[in-house]
Amino acid sequence: MSKLKKRAFKLVLLLIAALCLLCGCDTSEYILNEDTFFLVMTNMQYYPSQYVGKTIEADLFMYTVTDIYGNEYQCAVRKCSSGYGCNCGADMVIGFVLEYDGELPEPKNQSEDTNDKAWVHVRGTINSAEFPDITIHSYDSDGNVIEGVNETLKMLVLYAEEVTEIEDYSGLSYYVTE
């Protein structure tokens, strides 16, 4: 590569870096909304280490997951199409296991396909790229346990600094697909 091409390449890189700084392309914080939720969450599943130390902010509903041993995990999630994070063919929840020093709202209408949930705004940090080992029973499309078949959930732990209940969740989608 000629000196002129190298100089031009360096100039382009500098311009891109300057534009990112000026435009606020800061990736130390991820604000998940209706348009970005599914894409960012999917990326977190495949590249969790790039989110370690990052602040995450999202509107989710409370959900309790009970593993095959009876351990309960308080989670903040959305529901997504079957196939994501689940091999059983049933729809799945996608979100975070919450670690929070305060009191968390109880899940509401957890087993119903309805938007009437205990919605919360969470803000916190991902401190580890490791997924907790949460093994759950697999279910068929009618909601019955498939004997002898288990699934492992992949949800990162969000160390929440803030959990605020959302009263008006009419603009939020219970079910996300893209």
Side-chain angles (χ1 to χ4, degrees), residues 29-45 48 51-52 54-139 141-145 150-178:
E29 184 170 6
Y30 292 89
I31 300 173
L32 285 58
N33 59 35
E34 299 305 293
D35 296 327
T36 62
F37 182 81
F38 192 76
L39 179 63
V40 174
M41 289 303 299
T42 302
N43 198 52
M44 281 184 187
Q45 298 299 306
Y51 296 91
V52 172
K54 309 298 183 188
T55 299
I56 309 294
E57 199 167 330
D59 296 332
L60 307 159
F61 61 87
M62 294 302 300
Y63 194 84
T64 300
V65 172
T66 304
D67 70 11
I68 61 173
Y69 308 107
N71 300 314
E72 286 191 352
Y73 300 84
Q74 297 307 311
C75 305
V77 300
R78 297 270 183 112
K79 192 168 185 180
C80 69
S81 61
S82 63
Y84 177 83
C86 174
N87 298 320
C88 65
D91 290 342
M92 191 66 177
V93 292
I94 178 175
F96 304 99
V97 173
L98 290 182
E99 288 290 333
Y100 183 59
D101 287 336
E103 190 172 324
L104 294 169
E106 289 294 319
K108 179 178 170 185
N109 301 324
Q110 181 161 310
S111 62
E112 299 173 17
D113 283 346
T114 174
N115 206 40
D116 187 21
K117 304 285 185 198
W119 285 89
V120 292
H121 178 81
V122 297
R123 180 178 170 80
T125 307
I126 303 292
N127 292 342
S128 172
E130 299 297 317
F131 295 97
D133 185 20
I134 304 173
T135 304
I136 61 169
H137 295 290
S138 293
Y139 294 87
S141 59
D142 294 324
N144 301 310
V145 172
N150 297 322
E151 299 279 337
T152 300
L153 287 182
K154 284 183 67 176
M155 282 195 236
L156 291 170
V157 176
L158 181 72
Y159 292 86
E161 302 155 10
E162 172 188 321
V163 177
T164 309
E165 288 189 63
I166 299 173
E167 299 297 324
D168 180 11
Y169 47 83
S170 60
L172 301 174
S173 299
Y174 155 73
Y175 196 87
V176 293
T177 57
E178 49 185 68

* To do: Mind checking the CD1-OH spacing from Ile136 to Tyr69? Nearest 0.5 Å is all I need.
  => 12.5 Å
Identify each donor-acceptor pair in which a side-chain atom of residues 98-107 lies under 3.5 Å from a protein atom, sequence neighbours left out, and give them as a table.
none

* Can Thr36 and Tyr30 be said to form a side chain to side chain contact (heavy atoms under 4.5 Å, CB included), step by step? -> CA-CA 9 Å; Thr36 62; Tyr30 292 89; over 6 Å; no
* How would you list all residue pairs meeting side-chain hydrogen bond (donor to acceptor under 3.5 Å, both in side chains) that involve residues 57-66, not counting sequence neighbours? -> Glu57-His121, Glu57-Arg123, Asp59-His121, Thr64-Gln74
* What distance separates Glu151 CD from His137 NE2, expressed to the nearest 0.5 Å? -> 12.0 Å
* Asked: Where do Leu153 and Tyr73 land on the side chain to side chain contact (heavy atoms under 4.5 Å, CB included) test, with the steps shown first?
  -> CA-CA 11 Å; Leu153 287 182; Tyr73 300 84; over 6 Å; no
* For Leu60 and Arg78, work out which heavy atoms get closest and say how close. => CD2-CG, 3.8 Å
* Structure fact -> Between the CG atom in Leu158 and the SG atom in Cys75, the distance rounded to the nearest 0.5 Å is 11.0 Å
Anything under 3.5 Å between a donor and an acceptor, one on a side chain of residues 125-132, the other on a protein residue two or more places apart or in another chain? List them.
residue: Thr125; atom: OG1; partner: Glu161; partner atom: OE2; Å: 3.3
residue: Ser128; atom: OG; partner: Glu130; partner atom: N; Å: 3.0

* Please list, chain by chain and in numerical order, all residues satisfying side chain to side chain donor-acceptor pair (under 3.5 Å) with Thr114, sequence neighbours excluded. => none
* Evaluate the ring planes of Trp119 and Phe61, with Trp represented by its six-membered ring, and classify them as parallel (under 30°), tilted (30 to 60°) or perpendicular (over 60°). => perpendicular
* Just how far is it from atom CE of Met155 to atom CE of Met41, taken to the nearest 0.5 Å? -> 8.0 Å
* Set of side chain to side chain donor-acceptor pair (under 3.5 Å) partners for Asn115, sequence neighbours left out -> none
* To do: Measure across Met44 and Ile56 and return the closest heavy-atom pair with its distance rounded to 0.1 Å.
  => CE-CD1, 3.4 Å
* Kindly say whether Met62 contributes a backbone atom to a donor-acceptor pair with the side chain of Lys117 at under 3.5 angstrom? => no
* **Test log, rule side chain to side chain donor-acceptor pair (under 3.5 Å), inputs Tyr174 and Asp116** => CA-CA 9 Å; Tyr174 155 73; Asp116 187 21; over 6 Å; no
* If you measure from CD1 on Ile68 to CD1 on Ile134, what distance do you get to the nearest 0.5 Å? -> 12.0 Å
* Could you tell me which residues satisfy side chain to side chain donor-acceptor pair (under 3.5 Å) with Thr164, sequence neighbours excluded, listed by chain and number? => none
